[in-house]
Protein chains: 2
Amino acid sequence: MSADAEPAPVSAKPPVTLREVAAAAGVSVATASKALNGQGRMTAETRERIRETARLLGFRPNSLAQSLLRKRSFTVGLLTNDTYGRFSLPLMAGVSDALVDNGVSVFLCNVEDDTRLGQLHVEAMLDKRVDGIIATGKRIDRHLPVDLSNLRVPVVYAFTQPDPGAVGLVSDDAGGARLAVEHFVRLGRRRIAHISGPESFAVVHARAQAYRDVLEEHGLPTAEPLLGAWSEAWGHEAVARLFGKAGRVGWPDAVFCGNDQIARGVIDALRERGIRVPDDVGVIGFDNWEIVAEATRPPLTSVDMNLSTLGREAGLALLSLVGGQPAAPGIRKLPCRLVVRQSCGRPPGG
Amino acid sequence: MSADAEPAPVSAKPPVTLREVAAAAGVSVATASKALNGQGRMTAETRERIRETARLLGFRPNSLAQSLLRKRSFTVGLLTNDTYGRFSLPLMAGVSDALVDNGVSVFLCNVEDDTRLGQLHVEAMLDKRVDGIIATGKRIDRHLPVDLSNLRVPVVYAFTQPDPGAVGLVSDDAGGARLAVEHFVRLGRRRIAHISGPESFAVVHARAQAYRDVLEEHGLPTAEPLLGAWSEAWGHEAVARLFGKAGRVGWPDAVFCGNDQIARGVIDALRERGIRVPDDVGVIGFDNWEIVAEATRPPLTSVDMNLSTLGREAGLALLSLVGGQPAAPGIRKLPCRLVVRQSCGRPPGG
DNA sequence: GCGGTAAGGGAAAACCTTTTCCCAACTCAG
DNA sequence: CTGAGTTGGGAAAAGGTTTTCCCTTACCGC
C-alpha cells in the first residue's frame, strides 16, 4: 500500500536472528525458539505474539545452526558418473522431487570416472554433514569409481551396481523384455527377432534371456539375438542381415530392439527396403526415449524403465534409512512399462 | 598391514572433532585450529605434531560450524526450469565443474514452471546460507517463474532471461548463425535457405536476422526463412515446400536449419527425394546434439553453443561476485562454434 | 494463611570452529 | 639486573539455534 511498507522478508541485508525476534517480542531466545517450534509451555497469546513478531520481521531460522545442533542437515548428496546422460536425468529428477517434498535439498556431484574426484566429493559431502547419499550411474552393471561401503551415513544405490549388503534399486530389464515380447505374441506375431547392444552389457543378456524364455513358453521359434552396438547404424546393419536373403520366407514379422536408437535404425532400414511397419514387421524399442520414439515413422512402441519412479523410490528409501528405519538390503527390481505407439499394429481381432 | 590398523578415517562412527585432536596433541583447541589453518604463531614442531595427530585421527572440520562463523558456506544453488533438458545439462555440468574445482558444492533445484515451488527452493537455499545462486532455464527469452531480484546473495543468470541490472550469460545466436551461413558462402553455395523453429522464440529471430545479414553482405539472394516447429516432421514438410516444384531450377543448394532435429528431417527428406547431401544440397544444423548429428547420413555439420563453457563462465562469474568483485551487469554473449562433419561437402578448390 | 502443584518463562549448556585478545616466559640490550 | 620486545600458546567470545533444567509466580484446597 504505502511506499514505506515492510520490504520483502527475504531481501533484508543481514538475516534476522532468533535473538532479534525474542528481543522484539520481549521474551528470551529460549521462549522464542519454543514458541516457533511448538515446544514448551506458554500462554497461547505469548506463542502467537512471538510468531507474529517473527513473521513480521521475516525471521527464518539459520539452517546451519540448526543442523549443527540437531544431528540432521536435511541435505543429501547425489553422486553420479553420468551427469547428464539420458538415463540418470529422469532418475535424478525423481530423486530430487521425492526429497524436496520432504524438505531435503540435494547436492549434485558429478564424479565422472575419476576415483580421486569421487573421493573428493564424498569427503566434501560428509564434511557438510549430508544425511545420506544416493549413488547412481550410467550402467546398472558397473560400480561407481568410489567406495561408499563404510560411510557413517546411509547409502542407496539406484541404477548402478550396489555394494554387497547395501540397498539397491534397479529396473527389471527381464520383465521389461517380457512385456515387449509378450505384446508381440499377443498380437499374433510368430517370428520374433531380437537386435540388441554390445555383449559386454549385463542388461543385454538379461533381456535376451527373457526374450528366449517367452518364445519358448509359447512354443515359438527362437533365433539367436543379434548383438552389436547401441546405434542406429547397427539397426541398419542388423536389418540387412535379417532381411537380406531373397524371398520373404523366413523373414521375421517382429523385431524387439535393445534400445530406441537401434529401433529407429531398424524402422528406417525396413522402409528403405519397402518393408512396411507395422503391417509386415512390428518393432518395439527399449528406453522410451520420447524424442526418438515419437520421431520414428510410425511412432515407436517402447519399453519404459520408469526411471523417475525409480529415482523417487530411491529418495524415499534413503529417507527412511536416515530416519532410522532398517531397510532390507539387497537389490530391488522395479517394473518397466510398455508404452504403445504405432509400430506394432493392432491385434488380429481388433 | 596388521588387522588392528586404524580404520579408514571416513568410516569412524562419530566424527572426530577439533577438541579431540587438541586433547590428543596436548594443546588447546585454539592452538589446534591455528595449527591446522596455518594461522597463529607456534614452533614448527608443535604445528607438525598437531597436524600429524589430526591426520592420524582422521579429523575433518565440520563445515557447518565453519560456515556458521565465517560468512561463507562454500555452497551455491543451481536453479533450473529445465531439469534434465538437453540444454541445461551440459550447462549444469559446466557450472558444477567450475565450482567443484573451487571447493564449492552445488544444490540442484528443479522449479519446473511452478512459482510456489520456486519460492520454496529459494527460501530453502537461503536458509542453508548458500553463497550465491545460478539461474538457468530452457529458454533464453523467458524468465524463471521466481523473483530473484532482491536477494541478499549474488545471482548469475545463464541461458535464461536475466532481471534488469543483473549479470547474465547467453549464447551468441546471431554469431552462431553467421558461422553457419558464412561457412556455406565460403564453400561456394549461392542459394541458401533457412528452416527454423516457432516464431515465438527470440532465438529464431536472432538467427534469421543474422542469416539475412550475411546473405545481403555477400550479395546473395535472400529468401524468407521458413518458420515451423523444432521437429523432424517440420524438416520433412519444409523440404516438401522448398523442393516441391518440378525442375531443379530455383532449388536451394544449402539449408541452414534451426536445430539438429529439423536438420535430420531435412536430410532424410532430401534422401527420399533422391537429392544428394552434400553434393546437391549442403545442410547445417544448430545445437550440435551429438547423438543426432552423428546419426544423420551423412553426419551433420552443426553449430555448437558451447553450453558447458557457458556454464563454466557462469560459475566463475558467480564466484567472483561472491568474492566481492563487482561484475559488470548486463548480458554477455558467448561465442558459438561450428562443428564440421560431412553434410556440407568440401570447398570448390579443395 | 499455608503447603503443594502447575504454569509460564528464562539461564545456560551444547553443537564445533575461528579469531581476538591476553598472559607467561624468554631474549636481549643497556 | 631491569625494562622492552618477542615468542608460544591459551581463554573466551562469537556464530544461531535447541533443549534441559531451574526459578518464579499464581492458583488451589484446606
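The chains referred to below are lettered A, B, ... by the order of the sequence lines, with proteins before strands, and numbering in each begins at 1.
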Taking side-chain hydrogen bond (donor to acceptor under 3.5 Å, both in side chains) as the criterion, tell me which of A/Thr136, A/Thr160, A/Asp82 meets it with A/Ser88. A/Asp82

Its contact letters, B for base, S for sugar-phosphate only and - for none at protein heavy atoms under 4.0 Å, make nucleotides 15-20 of chain C read BBBBBB

Rounded to the nearest 0.5 Å, what separation is found between the CD atom of B/Glu112 and the OG1 atom of B/Thr80? 9.0 Å

If I take atom CG from residue B/Leu144 and atom CG from residue B/Asp114, how far apart are they, to the nearest 0.5 angstrom? 12.5 Å

Measure CE/A/Met42 against C1'/C/dG10 and give the value in whole Å, please. 11 Å

How long is the line joining CG of B/Leu64 and C1' of D/dG16, in whole Å? 12 Å

Indicate whether OP1 or OP2 belonging to D/dG15 is found under 4.0 Å from a side-chain N or O atom of B/Ser67. no

Taking only the side-chain nitrogens and oxygens of A/Thr46, find out if one of them lies under 4.0 Å from OP1 or OP2 of C/dG9. yes

Answer yes or no: is there a side-chain heavy-atom contact under 4.5 Å between A/Lys128 and B/Ser105? yes

Could you check if a side-chain atom of B/Met92 sits within less than 4.5 angstrom of a side-chain atom of A/Asn110, using non-hydrogen atoms only? no

[X] side chain to [Y] main-chain N or O, any donor-acceptor pair under 3.5 Å?
X        : Y        : answer
A/Asn102 : A/Val104 : no
B/Ser73  : B/Arg129 : yes
A/Thr115 : A/Pro145 : yes

Quick one: do B/Asp131 and B/Arg70 make a salt bridge, cutoff under 4.0 Å? no

Does A/Arg55 pair with A/Glu52 as a salt bridge, N-O distance under 4.0 Å? yes

At a cut-off of 3.5 Å, list every protein nitrogen or oxygen paired with a nitrogen or oxygen from nucleotides 4-7 of chain D, distance to 0.1 Å.
none

Bending between helix ends of the helix from C/dG1-D/dC30 to C/dG30-D/dC1 [5 pairs per end, 10° resolution]: 60°

